[in-house]
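Report on one structure; see the data block that follows.
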Amino acid sequence: MKYAGLASTSPALASSFDWLGDPAKSIRAGEFQLLPLGRVQPKGWLRHQLEIQANGLSGHLDETWPDVGPKSGWLGGTGESWERGPYFLDGLIPLAYLLGDERLKAKAQRFVDWTLKSQTADGMFGPASNNDWWPRMVMLKALAQYQEATADPRVIPMMQRYFKYQLVALPNRPLTSWGRFRWQDQVLTVLWLYDRAPDPALLDLAKLLRAQGYDWMAQYENFQYKEKMSSAHLDQMEKTPGFKDIKLATHGVNNGQAVKTGAIWSRVTGADADRQAVLKMIAELDRYHGLPNGMFSCDEHLAGRSPSQGSELCTVVEYMYSLEQSLAVLGDASLADRLEKLAFNALPGTMTDDMWAHQYDQQPNQVECSLHKEPWSTNGPESNLYGLEPHFGCCTANFSQGWPKFAANLFMTSAQGAIVAAAYSPCEAQLKLQGTNVHIAEETEYPFRGSIRMTVNPSKPVKFPFLLRVPGWAEGAEILVNGHKENAPKAGTFARVEREWKQGDVVTINFPMQPRVITGFNNSVSVERGPLVFSYSIGQDWLKLRDRGMTADWQVYPSSRWNYALAVDPAAPSQKITLTEHALGDRPFAAEGTPTHLKVKAKLLPSWMASEGTAGVVPESPVESAEKEGTISLIPYAAAKLRITSFPRLKENS
Ligand SMILES: [Zn+2]
């Protein structure tokens with residue numbers, strides 16, 4: 001078999017195909033395996049959160065937004081026939097099946113049935129009016145989840161026919177544009193199928209996609225995009241030799257999706273260098289574009305480290321998905337630390353508490369959400385409004401995947417037969433290990449509190465290692481089994497507890513939750529506790545801009561001062577930060593539902609001002625202020641819809 005596209009690849013790339021023609025060589029297993037959708041069931045606050053989502057825009061989007069409504073091309077209609085239907089399904093399917101919500105399952109089924117029946121004799125599927133490879137990559141991810149949840153026998157043969165078709169068609173109609181920059185998302189599904197029905201032709205297809213796709217690993221091997229990308233800069237650079245791809249290469253969502261490229265590709269090559277590419281990408285994004293909410297700036301191109309810059313919601317959920325997939329391949333605890341940081345801060349922070357409205361761009365220092373062009377690199381004036389489809393509707397269709405996929409991936413298994421607690425939230429997991437059913441009930445108010453209780457219930461006594469993630473911030477964590485303390489676990493690793501597990505065994509984990517002060521851009525400070533980032537919540541006036549069917553678009557104006565500098569010592573954070581705790585409410589990420597407040601000493605800094613609805617760049621710290629010292633309250637980032645997260649730090653005794 002010939003591989004079109006390979007001839008044009010670099011020698012380095014070609015060398016990763018050394019085993020070409022050796023169908024006996026199978027792909028490399030990840031360190032961990034993802035569980036099929038439905039094995040983890042959300043409980044407690046996490047289930048409430050998914051119910052809020054189902055009762056909000058996610059569960060009603062098709063009723064109020066024509067792009068995924070009855071005329072959708074993905075239902076055979078003449079309406080939107082590109083990415084929005086598949087995006088919607090990619091989140092609706094896990095939401096419906098995790099909640100066991102028959103109303104949502106029925107909505108999803110209509111799209112699934114139409115899509116499966118749309119396949120033509122040659123193997124192509126989807127709306128005939130649009131043959132772009134990209135939206136099909138998304139629909140394949142949605143169908144894989146649907147197959148895991150239902151075992152519908154139509155899915156795997158349909159994928160086999162499509163991939164066979166694509167292997168023949170791609171050489172003549174190669175990947176372009178979005179598909180070229182997001183090829184790794186299709187390799188993911190190709191390998192998903194290979195894991196279930198191994199066929200060497202699938203690896204041929206994976207290699208073809210890689211050969212036609214953009215070389216993300218090369219981009220980050222020698223990272224060039226270290227500054228904020230303005231429209232003018234992008235227009236100019238595009239004409240410079242070697243930079244013709246700059247707009248797609250610095251596009252936020254593309255980069256969020258690309259984070260998993262090395263992990264996915266390492267399963268094909270077996271190369272550790274490919275695995276390491278994941279950590280290298282994250283490190284470069286943090287170094288040049290990192291923000292205190294765990295995101296990198298992308299509004300919508302990479303935009304530097306100022307906390308007044310924004311991050312697109314699509315990038316939040318795609319970065320989360322990349323971290324989940326990469327964690328499974330690498331087994332690196334830091335990827336789960338980041339996943340939790342995004343899930344508990346950036347994701348809920350960019351939506352209204354009822355999940356009926358969202359932003360396109362959120363800012364760590366977000367002092368006003370109004371119609372303004374600043375400070376975005378390339379986005380438009382509606383970008384940080386809360387609404388149905390501010391700026392552009394991609395996030396409207398795509399955001400639904402965030403919470404459900406996070407919930408579905410809380411537990412994994414390892415290649416060595418371990419159960420892995422990858423990320424923490426209240427849930428139950430039902431696993432099969434060495435032929436024995438093992439049920440685990442996890443009870444916790446994490447991330448708001450540091451104690452987690454897991455009851456292990458195997459159907460009969462069974463010996464296995466239980467890998468428990470100890471976050472990098474959790475120095476001094478304790479793990480107890482039936483009240484007996486295990487050896488002190490090391491932060492930033494997976495602690496291993498191996499024993500014969502019997503019904504009713506209880507694992508207790510206590511994570512220390514002292515506040516931490518993190519130094520960031522311009523030596524500003526932000527405050528974290530556990531996986532939560534804390535912000536000063538600015539008084540808010542919500543002003544409806546217009547009704548949008550079942551929801552509305554909102555501007556939000558500040559009704560209080562916000563320009564505070566903090567009196568904190570990064571070396572001894574607990575000294576000046578005090579904690580108040582309350583009961584956890586029904587909306588854990590709403591201001592009235594959050595159980596955790598921090599009090600900290602602060603002074604106003606009148607010279608720090610806003611212009612065009614945007615906080616000025618946070619001044620270089622330390623700063624001095626002649627204002628009177630007072631105490632301000634910080635609440636979880638997500639609960640503060642107008643917020644300051646990166647503060648100037650007061651010079652001691654100023
Ligand atoms: Zn988007």
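Quick caveat, the model's predicted, so the values are computed rather than measured. For ligands, and for the atoms within them, numbers begin at 1 and follow the listed sequence.
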Looking at Y637, is R643 sitting on its ring face, NZ or CZ under 6.0 Å from the six-membered ring centre and within 45 degrees of the normal?
-> yes

Using the ring of Y220 (Phe, Tyr or Trp, six-membered ring only), decide whether K280 places NZ or CZ under 6.0 Å from its centre and within 45 degrees of its axis.
-> no

Decide whether a cation-pi geometry holds between R173 and W133; the criteria are a distance under 6.0 Å from NZ or CZ to the six-membered ring centre and an angle within 45° of the ring axis.
-> yes

Using the ring of each side chain (for Trp, its six-membered ring), is W82 parallel, tilted or perpendicular to W178, with breaks at 30° and 60°?
-> tilted

Listing by chain and number, what protein N/O/S atoms are under 2.8 Å from the Zn ion (ligand 1)?
-> E312 OE2, C314 SG, C394 SG, C395 SG

Ion pair E528/K341, N-O distance below 4.0 Å = yes

Could you pull out every donor-acceptor pair under 3.5 Å between side chains of residues 386-396 and any protein atom, sequence neighbours left out?
| from | atom 1 | to | atom 2 | distance (Å) |
| --- | --- | --- | --- | --- |
| Y386 | OH | G349 | O | 3.4 |
| Y386 | OH | Q359 | OE1 | 3.4 |
| Y386 | OH | Q366 | NE2 | 3.4 |
| E389 | OE1 | W65 | NE1 | 3.3 |
| E389 | OE2 | R548 | NH2 | 2.8 |
| H391 | ND1 | G380 | N | 3.2 |
| H391 | NE2 | N379 | ND2 | 3.3 |
| T396 | OG1 | H358 | NE2 | 3.4 |
| T396 | OG1 | L388 | O | 2.7 |

